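What you are looking at is a predicted structure, and each value in this text was computed from that prediction instead of being measured. Residue numbers start at 1 and run along the sequence shown.
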Amino acid sequence: MKKILLILICMLLSSCSNYRELNNLAAIISVGVDKGKEDEYRVTFQVVNPGQLTKTGGNSPGLPLINYPIEGETLNDAYRKSSAFIPREIITSHLSLLIIGEEQAREGIYPLLDAFERAKQTRSSVLVFISRGMTAEEVLEVVEPIESNPSKSIISTTENNKNMYGIGDLIPIYELVSMFSSEGKAPIITGISHSKPKEGVSQSQNLEKMTPAVIEVDGIGLFKDDRLVRWLDGELARTAQMILSESKSTTFPFSCSQIDSGSNNEKLTLTTQDSNSTLITKVSKSEISLRIDVSLSAFISDYNCNMDLEDPKTIERIEKTLEDEVKSQINQVMEIVQKEQTDVFGFGEQLSKTDPKYWEKHKKEWDELFSKASFLININSKISNTGMRTNTFEMK
């Protein structure tokens, strides 16, 4: 939050001709959009309270952020109406986060993106999330002890999850606009929720709890056109990101008996360091076939099996088990997206480049063609190392 304050100060003091008092500004850093009454939007503008960002700001009571929920027929209508409640000049140049409520996302998000693309002050790098099981307004109400800024908490948590488990991803507005403006690929957007505070617990009290309400990366939303149609969770959400080569690292736990039926019933964990996928779409005699090639590099991060890791055959069996599991999960994900008739992986986009004549002729029926296409999955894994030791230590 102090960084935001410093940026605002630098911006205001860099030129006398554009000088504006910080205390006269209301910097919007996050926007939440929910379905309102009838055909209206309920828009939550989250504004920085500068007096709470410094130790000398004790004269200004309250939290470091203030939420202003406003109803309007359009985003800009709500933005202008907010002037009746926000007592300072409103600026959006520091806006970094757009959260769209699940109910609104199921009705369509395209009109919202157009408004942000047209705004002069707002950057197109604003990140987009979908609030799951709650409104965007409710998500923006949580203030955590570690990150008092919800937008920073959401972005940092998603980055951390992307690096360590692979479900979350950061999608800016310009990337979504690019998908909607091109053909053959539907979006996937990260879901966000939080563990709600107990009834009667205020946000200031939440900051003092050992187990406070916290922001949570909550699956990924599959879109068809501009509408949310389904959620993927856990392993399947992670696997969908792996197909897109967006999973930096993740874990695959196995029982030892899965590797070797003669082994004990303990566990081992494989942690992937890198994964890359190649997607291929082919048309032969009017039959469409899809191919997914995935290469994985992993290391052993937990190992309590009684198999000898110094034996190359043990490593081969572990690699084969990993390949079978990844293939099974990709198969489940593909069955789901084909059932929903939404090509979130861009097979159609790939076909439009390799066979433009066929694509131009059949693009209007691509969703149906995609849902009936056969697919082949090839997985190639390699165990790069076993950590700081080979076999586990023996209990005496």
Flag the pair [X] / [Y] as yes when at least one side-chain heavy-atom distance between them is below 4.5 Å, and no otherwise.
X      : Y      : answer
Ile318 : Ile300 : yes
Leu112 : Tyr41  : yes
Thr314 : Met307 : yes
Arg291 : Phe347 : no
Leu290 : Met334 : yes
Val177 : Ser124 : no
Val139 : Ile215 : yes
Glu183 : Trp366 : no

For the atom pair [atom1] ([X]) and [atom2] ([Y]), what is the distance rounded to the nearest 0.5 Å?
X      : Y      : atom1 : atom2 : answer
Tyr110 : Phe223 : OH    : CZ    : 15.5 Å
Ile29  : His94  : CD1   : NE2   : 10.5 Å
Phe45  : Tyr79  : CZ    : OH    : 8.0 Å
Glu325 : Thr239 : CD    : OG1   : 8.0 Å
Leu270 : Tyr303 : CG    : OH    : 10.0 Å
Asp39  : Glu73  : CG    : CD    : 8.0 Å

Kindly say whether [Y] contributes a backbone atom to a donor-acceptor pair with the side chain of [X] at under 3.5 angstrom?
X      : Y      : result
Asp77  : Gly72  : no
Arg132 : Asp218 : yes
Thr157 : Ile154 : no
Gln338 : Phe370 : yes
Ser131 : Ala136 : yes
Ser181 : Ser178 : no
Glu246 : Gln241 : no
Glu175 : Pro172 : no
Glu368 : Glu365 : no
Asn163 : Glu159 : yes

SB check [X] [Y] (cutoff 4.0 Å):
X      : Y      : result
Arg106 : Glu102 : yes
Lys37  : Glu71  : no
Glu103 : Lys35  : no
Lys339 : Glu335 : no

Identify the two heavy atoms, one from [X] and one from [Y], that lie closest to each other, and give their separation to 0.1 Å.
X      : Y      : value
Thr281 : Thr354 : O-OG1, 4.1 Å
Ala105 : Ile100 : N-CG2, 4.0 Å
Ile189 : Phe129 : CG2-CA, 3.9 Å
Ser151 : Leu97  : CA-CD2, 3.5 Å
Ala26  : Val47  : CB-CG1, 3.6 Å
Leu140 : Pro150 : O-CG, 4.0 Å

Verdict with reasoning, Ile188 to Asp169, per side-chain contact (heavy atoms from CB on, under 4.5 Å): CA-CA 9 Å; Ile188 287 177; Asp169 196 15; over 6 Å; no
Atom [atom1] of [X] with >12 non-hydrogen neighbours under 6.0 angstrom:
X      : atom1 : value
Lys327 : NZ    : no
Arg389 : CZ    : yes
Lys248 : NZ    : no

Does [X] belong to the same Ile/Leu/Val/Met/Phe/Trp/Tyr cluster as [Y], with side-chain heavy atoms less than 4.5 Å apart forming each link?
X      : Y      : result
Leu296 : Ile167 : yes
Ile220 : Phe345 : yes
Val344 : Leu170 : yes
Met242 : Trp231 : no
Leu244 : Leu176 : no

Identified side chain to side chain contact (heavy atoms under 4.5 Å, CB included) counterpart of Glu319 within the set Leu322, Thr321, Ile315: Ile315
Test side-chain contact (heavy atoms from CB on, under 4.5 Å) applied to Phe180 and Ile109, step by step: CA-CA 10 Å; Phe180 289 136; Ile109 66 173; 4.1 Å; yes
Short side-chain donor-acceptor distance under 3.5 Å, Asn276 and Ser245: no
Donor on one side chain, acceptor on other, Thr269 and Thr251, under 3.5 Å: no
Gln46/Asn149 under side-chain contact (heavy atoms from CB on, under 4.5 Å): CA gap, chis, key distance, verdict: CA-CA 10 Å; Gln46 189 165 84; Asn149 178 349; 4.3 Å; yes
Pi-cation contact, Phe252 with Arg238 (under 6.0 Å, within 45°):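 Yes, cation above the ring, under 6.0 Å and within 45°.
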Check against side-chain contact (heavy atoms from CB on, under 4.5 Å), Asp302 and Leu268: CA-CA 5 Å; Asp302 285 311; Leu268 75 151; 5.5 Å; no
